[in-house]
Amino acid sequence: MSGETIWLFGLPCSGKTTLAEGLIGPSTVHLDGDYLRDTLNSDLGFSKEDRTENLRRAAGVAQALNEQGFDVVASFITPYRSQRELIAETIDDVSFVYVNAPVEVCEERDVKGMYEKARKGEIEGFTGIDAPFEEPEGEETGLEVRTAMYSQEESLEKINTELDLKFNPSHIFIGRWQPLHDGHRTIIDSAADNGKSVIIAIRDTEINEKNPLTAQERRELIEDVYEDHPNVETMIIPDVDTVAIGRDVGYSVVSVPEEVAEISGTETREKYEKSELLTGQHLED
């Protein structure tokens, strides 16, 4: 299952990073312009050519992560239309979000004093001062959020709604799923088949005789089984030791019928080869 990329662009201090942090989920990687400038792209300057190369590399990383199943939220100024076209050509599934704020508002937010230094000539090629920002036009505008007019929460809600990102699970099932078997499916289906939003949390257990499948292998099998259930999502979590709930928190722990609890994953592992488990043959017999 491939991931997707949300590309936030706009003037410095327009609110891109703040919004990006609010969009990060359990399987999301945040690519931030400042961080990549200090690491992968530390050899680049701020000419138009170097800016374009900076973004070309970032888009390549985003596409590679998407191909591995990770979602990406990228926050880069991305000032030129040609650069945004390059990104659209590089990333298979990308949605652009124009984070729009007037330059005077961005200056007020600038705790590092970059705008002031740029106006004094201490920083050259600063977008919005002595380097252009080409605002999107027509269909290129895509989704626009105006951070000077609306709060962070309102802007995030708009992004989640317009891009259909927000997922509000009513059920979360935590387990090893080694392997997924009919007992597990009975539990999951009790919610999924009734239209409930479900998260299947997969414990990232160590590989051994009892746990022969990697967490990613289990995830891919589960996603294949539930590919016709848009209300079911998966995530990989650390190998949980304890799950606790407090008083009046609104959550409940649901027990399963004895006949379901008695279904043995061990017997299934002993009966089938690993290749058969990965292809879901044990679920068809």
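R51 and T127 form a side-chain donor-acceptor contact under 3.5 Å, judged by distance and modelled atom types alone. Under the 3.5 Å distance criterion, with hydrogens and angles disregarded, no donor-acceptor pair is assigned to the side chains of S95 and W7. Between H282 and D182, the side chains place no donor N or O within less than 3.5 Å of an acceptor N or O (distance only, hydrogens not considered). Side-chain contact of T234 with E223: a donor-acceptor pair under 3.5 Å is present, judged by distance alone. Between the side chains of D189 and Y226, at least one donor N or O lies within less than 3.5 Å of an accepting N or O. For S75 and H30, the side-chain atoms include at least one donor-acceptor pair closer than 3.5 Å.
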Chi angles and distances behind the side-chain hydrogen bond (donor to acceptor under 3.5 Å, both in side chains) call for Q63, T90: CA-CA 7 Å; Q63 174 63 16; T90 304; over 6 Å; no
Stepwise side chain to side chain contact (heavy atoms under 4.5 Å, CB included) test for L283 and R185: CA-CA 10 Å; L283 300 173; R185 294 175 72 187; 3.5 Å; yes
L143 and L163: CA distance, side-chain angles, deciding distance, side chain to side chain contact (heavy atoms under 4.5 Å, CB included) verdict: CA-CA 9 Å; L143 175 59; L163 300 183; 4.0 Å; yes
From CA spacing to verdict: salt bridge (charged side-chain N to carboxylate O under 4.0 Å, His left out), E137, R81: CA-CA 9 Å; E137 297 178 344; R81 297 188 187 96; 3.1 Å; yes
Derivation of the side chain to side chain contact (heavy atoms under 4.5 Å, CB included) call for V61 and L31: CA-CA 9 Å; V61 172; L31 295 181; 4.1 Å; yes
From CA spacing to verdict: side chain to side chain contact (heavy atoms under 4.5 Å, CB included), L86, Y80: CA-CA 10 Å; L86 173 64; Y80 296 99; over 6 Å; no
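In summary, D34 and R37 do not engage in a salt bridge, as defined by a charged side-chain N under 4.0 Å from a carboxylate O. In this structure, R119 pairs ionically with E107, as a charged nitrogen and a carboxylate oxygen lie closer than 4.0 Å. Salt-bridge check for E220 with R218: failed, with every basic side-chain N at 4.0 Å or more from each acidic carboxylate O. Between K271 and E267, none of the side-chain N atoms (NZ, or NE/NH1/NH2) sits under 4.0 Å from a carboxylate O, so this pair counts as no salt bridge. Note on E154 versus K158: no salt bridge recorded, every NZ/NE/NH1/NH2 to OD/OE distance being 4.0 Å or above. Of the charged side-chain nitrogens involved, at least one lies within less than 4.0 Å of a carboxylate oxygen, so that E53 and R57 count as a salt-bridged pair.
Few gaps surround NZ on K274; more than 12 heavy atoms of other groups in view lie less than 6.0 Å from it. Dense packing is recorded around CD of E122, with more than 12 heavy atoms of other residues, nucleotides or ligands lying under 6.0 Å away. Q216 CD: more than 12 foreign heavy atoms inside a 6.0 Å radius. Atom CD of E227 has more than 12 neighbouring heavy atoms from other residues, nucleotides or ligands inside a 6.0 Å radius. The number of heavy-atom neighbours closer than 6.0 Å to CD of E209, taken from other residues, nucleotides and ligands shown, is 12 or below. Other residues, nucleotides and ligands contribute over 12 non-hydrogen atoms within 6.0 Å of the CD atom of Q152.
Residues F46 and Y115 are members of separate hydrophobic clusters, defined by side-chain heavy-atom contacts under 4.5 angstrom among Ile, Leu, Val, Met, Phe, Trp and Tyr. Hydrophobic clustering, with ILVMFWY side chains joined whenever heavy atoms are under 4.5 angstrom apart, keeps L277 apart from W177. Placement of M235 and I174 within a single hydrophobic cluster is found when ILVMFWY residues are connected by side-chain heavy-atom separations under 4.5 Å, directly or transitively. In the hydrophobic cluster analysis, where Ile, Leu, Val, Met, Phe, Trp and Tyr join through side-chain heavy atoms closer than 4.5 angstrom, Y150 is grouped apart from L11. Using a 4.5 Å cut-off between side-chain heavy atoms of Ile, Leu, Val, Met, Phe, Trp and Tyr, with links allowed through other members, L19 and M149 fall into different hydrophobic clusters.
In plain terms, the two heavy atoms of T147 and S155 that are nearest each other are CG2-OG, 4.3 Å. E206 and N211 get closest at one heavy-atom pair: O-CB, 3.4 Å. When every heavy atom of V232 is checked against every heavy atom of A192, the shortest pair comes out as CG2-CB, 3.7 Å. Of all heavy-atom pairs between R176 and R269, the closest is NH1-NH1, 4.5 Å. L36 and A58 get closest at one heavy-atom pair: CD2-CB, 3.8 Å. A pairwise comparison of heavy atoms in R109 and S14 identifies NH1-O, 2.8 Å as the closest pair.
No option in I222, L278, I202, I207 other than L278 meets the side chain to side chain contact (heavy atoms under 4.5 Å, CB included) test with E217.
Interatomic distance, CG of D50 versus CG of L55, reported as 11.0 Å (0.5 Å rounding). Taken to the nearest 0.5 Å, the OG1 atom of T279 stands 5.5 Å off from the CD atom of Q281. Here CD of Q178 is found 8.5 Å from OG1 of T214. Values are rounded to the nearest 0.5 Å. Taken from OG1 in T205 to CG in N208, the straight-line distance is 7.0 Å, to the nearest 0.5 Å. With rounding to the nearest 0.5 angstrom, the CG atom of L23 is 8.5 Å from the OG1 atom of T28. I188 contributes atom CD1, which lies 3.5 Å from atom CD1 of I200 (distance to the nearest 0.5 angstrom).
Annotation: F76 is not in aromatic contact with F9 [ring centroid separation under 6.0 Å not met].
Side-chain contact check for F173 versus V198: some heavy-atom pair is nearer than 4.5 Å. Residues P12 and I77 have side chains in contact (heavy-atom distance under 4.5 Å, counting atoms from C-beta outward). A heavy-atom distance below 4.5 Å is found between the side chains of C13 and M114. Using a 4.5 Å heavy-atom threshold, the side chains of S197 and H171 count as separate. Taking the side chain as every heavy atom from C-beta outward, V145 and V97 approach each other to under 4.5 Å. Here the side chains of D71 and T5 are not in contact, with every heavy-atom distance at 4.5 Å or above. You'll find the side chain of V243 reaches within 4.5 Å of the side chain of V240, heavy atoms only. A heavy-atom distance below 4.5 Å is found between the side chains of D110 and K112.
Under the 3.5 Å distance criterion, the side-chain polar atoms of H181 are matched with a main-chain donor or acceptor of G183. With hydrogens and angles disregarded, no donor-acceptor distance shorter than 3.5 Å links the side chain of E67 to the backbone of A64.
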